[in-house]
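Report on the following structure.
Every chain is numbered from 1, with letters handed out A, B, ... down the list of sequences.
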There are 2 protein chains.
Amino acid sequence: MVATAKTAKRTARREQRRQQLIDATMKCIARKGMGSTTLADVAGEAGLSQGIVNLHFESKDNLLNETLRYLADEYKAQFNKTLEKSGPDAAAKLRALIELDLRPSICDRRKIAVWFAFWGEVKSRPTYRKICDERDQYYDDVVERLASEIIAEGKYKSVSAESVAIALTSMTNGLWLSCLISPRTFDRHKATDAVFEYLCKVFPKHFSK
Amino acid sequence: MVATAKTAKRTARREQRRQQLIDATMKCIARKGMGSTTLADVAGEAGLSQGIVNLHFESKDNLLNETLRYLADEYKAQFNKTLEKSGPDAAAKLRALIELDLRPSICDRRKIAVWFAFWGEVKSRPTYRKICDERDQYYDDVVERLASEIIAEGKYKSVSAESVAIALTSMTNGLWLSCLISPRTFDRHKATDAVFEYLCKVFPKHFSK
DNA sequence: AATATGAATGAATACTCATTCATTTTTAGA
DNA sequence: TCTAAAAATGAATGAGTATTCATTCATATT
């Protein structure tokens with residue numbers, strides 16, 4: 001039983017194995033924190049042996065870089081899928097993006113812990129900074145473009161798309177922090193309400209209750 | 001010299017050294033990241049010898065806990081001072097708090113890097129979580145109380161103090177992330193504008209441009 | 001001046017952990 | 001089935017680091 005499972009795992013393809021190790025890395029970071037995640041932990045979590053990470057990733061640094069890369073790509077994929085699926089309407093797209101960020105599958109404490117683990121090292125790791133910046137920039141750009149469209153549609157005055165983008169981007173990131181720090185009191189519905197209350201105020205014609 | 005004065009002087013010097021080590025710790029974390037800050041780094045930064053941290057703090061864990069404690073206390077002190085100084089008007093207080101969070105002395109990349117370093121370990125360190133939660137809770141409570149006052153004063157409808165508090169707390173935290181991740185493009189004036197644009201929309205009688 | 005006391009040093013210790021590599025196991029092609 | 005290549009293992013290595021502690025230093029007290 002165990003032997004067959006192990007054999008089955010061993011026969012997994014190379015890409016699959018890398019992914020398996022990246023998944024294990026995220027789990028370890030979520031559970032033990034980045035500071036005390038060792039390669040032995042990662043290998044153990046994946047049910048493989050000591051040297052396995054260096055075999056597939058050359059070094060721990062590399063593993064961590066690729067883990068962050070994966071995290072960012074995974075996010076971006078869901079982000080884009082959400083954009084596509086939510087029809088042509090800018091307001092609908094915006095609504096869908098906010099909901100995505102607060103959906104349990106994304107706004108999940110274990111996943112958020114991994115994001116924060118990397119954010120915590122951003123200052124001293126240019127590679128991390130770059131990847132995180134790309135993601136934030138992309139998010140901000142899309143939101144700003146949607147806000148522009150909405151502003152044009154609604155002929156809103158005294159609202160700048162840039163400000164709306166800044167406000168929304170920071171709000172969603174900040175809500176993740178609350179989810180991480182106050183898991184007991186954090187309420188994703190209240191969080192969603194807070195964001196939409198904001199949208200009602202800025203774009204009343206598009207987001208009235 | 002009286003006995004009390006003698007011990008007072010001794011504990012003062014002791015306190016001074018502990019503070020010196022905490023300062024050194026924050027500098028190291030900002031520069032090298034929490035992961036690669038060693039006790040030798042901290043001692044070196046303080047211009048002291050190897051064993052010094054264990055002499056004053058027992059362990060590295062302890063040093064880090066006390067560093068976070070200090071960071072939180074320092075923030076709270078500035079927060080309360082701002083509240084006091086900004087007069088009796090709730091809107092003025094709220095304005096002052098937002099400005100505090102985005103003032104260069106607080107919204108400084110090195111300081112923010114330290115906050116994020118601790119936030120990055122929150123999930124696996126209950127002590128960190130507790131300290132950070134206290135701070136967030138306090139912030140949120142104060143903002144919610146101010147928002148309530150403003151809502152009553154202005155007889156605002158369809159705005160909940162709770163939502164405003166959630167929105168503002170998360171926005172300011174999220175803006176810190178932008179400052180950390182995108183130091184080149186982050187603009188504290190634009191950030192301030194974005195927050196105040198929000199306040200103008202929710203509380204037009206109090207925050208009109 | 002002599003002594004006592006707490007502060008500080010820094011070399012030694014014990015331990016953790018990334019990385020290496022000789023060896024074994026598995027896979028795939030003939 | 002056999003065999004070469006690829007994948008995986010896990011013991012060994014060594015660099016790095018928290019912690020300890022015998023010793024030295026500085027200062028206050030007598």
Side-chain angles (χ1 to χ4, degrees), chain A residues 2-25 27-29 31-68 117 121 124-125 127, chain B residues 1-25 27-29 31-67 117 121 124-125 127:
Chain A
V2 173
T4 29
K6 273 192 175 175
T7 312
K9 277 183 184 173
R10 264 206 292 270
T11 59
R13 306 285 60 214
R14 197 176 170 78
E15 246 338 285
Q16 221 175 333
R17 188 117 294 178
R18 285 170 61 93
Q19 190 55 51
Q20 180 187 7
L21 289 168
I22 286 174
D23 290 341
T25 304
K27 274 189 195 162
C28 288
I29 291 176
R31 186 172 52 245
K32 320 189 45 177
M34 181 157 249
S36 31
T37 291
T38 71
L39 290 188
D41 291 331
V42 173
E45 176 69 44
L48 297 167
S49 66
Q50 276 287 346
I52 198 72
V53 168
N54 285 279
L55 178 68
H56 288 280
F57 289 92
E58 271 67 60
S59 70
K60 188 182 185 181
D61 260 30
N62 225 251
L63 170 70
L64 293 174
N65 285 332
E66 303 234 29
T67 300
L68 176 55
E121 299 270 285
S124 50
R125 301 257 182 170
T127 318
Chain B
M1 229 184 230
V2 206
T4 45
K6 183 170 63 181
T7 52
K9 190 175 181 182
R10 256 208 299 274
T11 56
R13 272 216 284 173
R14 205 181 161 72
E15 242 347 279
Q16 208 177 330
R17 189 115 293 179
R18 283 169 62 92
Q19 190 54 50
Q20 180 187 5
L21 289 168
I22 285 174
D23 290 342
T25 304
K27 275 189 193 160
C28 288
I29 291 175
R31 186 172 53 245
K32 321 189 45 179
M34 182 159 249
S36 32
T37 291
T38 69
L39 290 187
D41 291 331
V42 173
E45 177 70 42
L48 296 166
S49 65
Q50 276 289 346
I52 198 72
V53 167
N54 283 281
L55 179 69
H56 287 279
F57 289 92
E58 270 69 59
S59 71
K60 189 182 184 181
D61 260 29
N62 225 253
L63 170 71
L64 292 174
N65 284 333
E66 302 235 27
T67 300
E121 299 271 287
S124 50
R125 301 254 183 175
T127 317

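- Judged as a salt bridge (charged side-chain N to carboxylate O under 4.0 Å, His left out), and not counting sequence neighbours, the contacts of A:R31 are A:E45.
- Summarising the geometry, the separation between CD on B:E15 and C1' on C:dA7 is reported as 15 Å, rounded to the nearest angstrom.
- In this structure, the NE2 atom of A:H56 is 7 Å from the P atom of D:dA7, given to the nearest Å.
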Nucleotides 15-17 of chain C: which of its N/O atoms have a protein N/O under 3.5 Å away?
none

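- As rounded to whole Å, 7 Å separates atom C1' of D:dT27 from atom CZ of B:R13.
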Show the atom names and distances, to 0.1 Å, of all donor-acceptor pairs under 3.5 Å that link a side chain in residues 50-57 of chain B to residues at least two apart or in another chain.
none

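- In the model, B:Q16 has no side-chain atom that pairs as donor or acceptor with a side-chain atom of B:R13 under 3.5 Å.
- Rounded to whole Å, the distance from CD on A:E58 to P on C:dT19 is 10 Å.
- Smallest separation of non-hydrogen atoms from A:L21 and A:L63: O-CD1, 4.4 Å.
- Side-chain nitrogen and oxygen atoms of A:R14 include at least one within less than 4.0 Å of the OP1 or OP2 phosphate oxygen of D:dA7.
- Proximity of A:E121 to A:L64: side-chain heavy atoms (C-beta onward) are nowhere separated by under 4.5 Å.
- Within residues 45-55 of chain B, the residues having any heavy atom closer than 4.0 Å to DNA chain C are, in order of number, B:L48, B:S49, B:Q50, B:G51, B:I52, B:L55.
- In this structure, A:Q16 places its CD atom 15 Å from C1' of D:dA8, rounding to the nearest Å.
- Listed by first and then second residue, the salt bridge (charged side-chain N to carboxylate O under 4.0 Å, His left out) pairs involving residues 47-62 of chain A are A:D61-A:R125 (not counting sequence neighbours).
- In this structure A:S36 satisfies the side-chain contact (heavy atoms from CB on, under 4.5 Å) test together with A:K32, sequence neighbours excluded.
- Considering only heavy atoms from C-beta on, B:K27 stays 4.5 Å or farther from B:D23 through its side chain.
- Contact annotation: B:R17 side-chain N/O to C:dA8 OP1/OP2 distance is under 4.0 Å.
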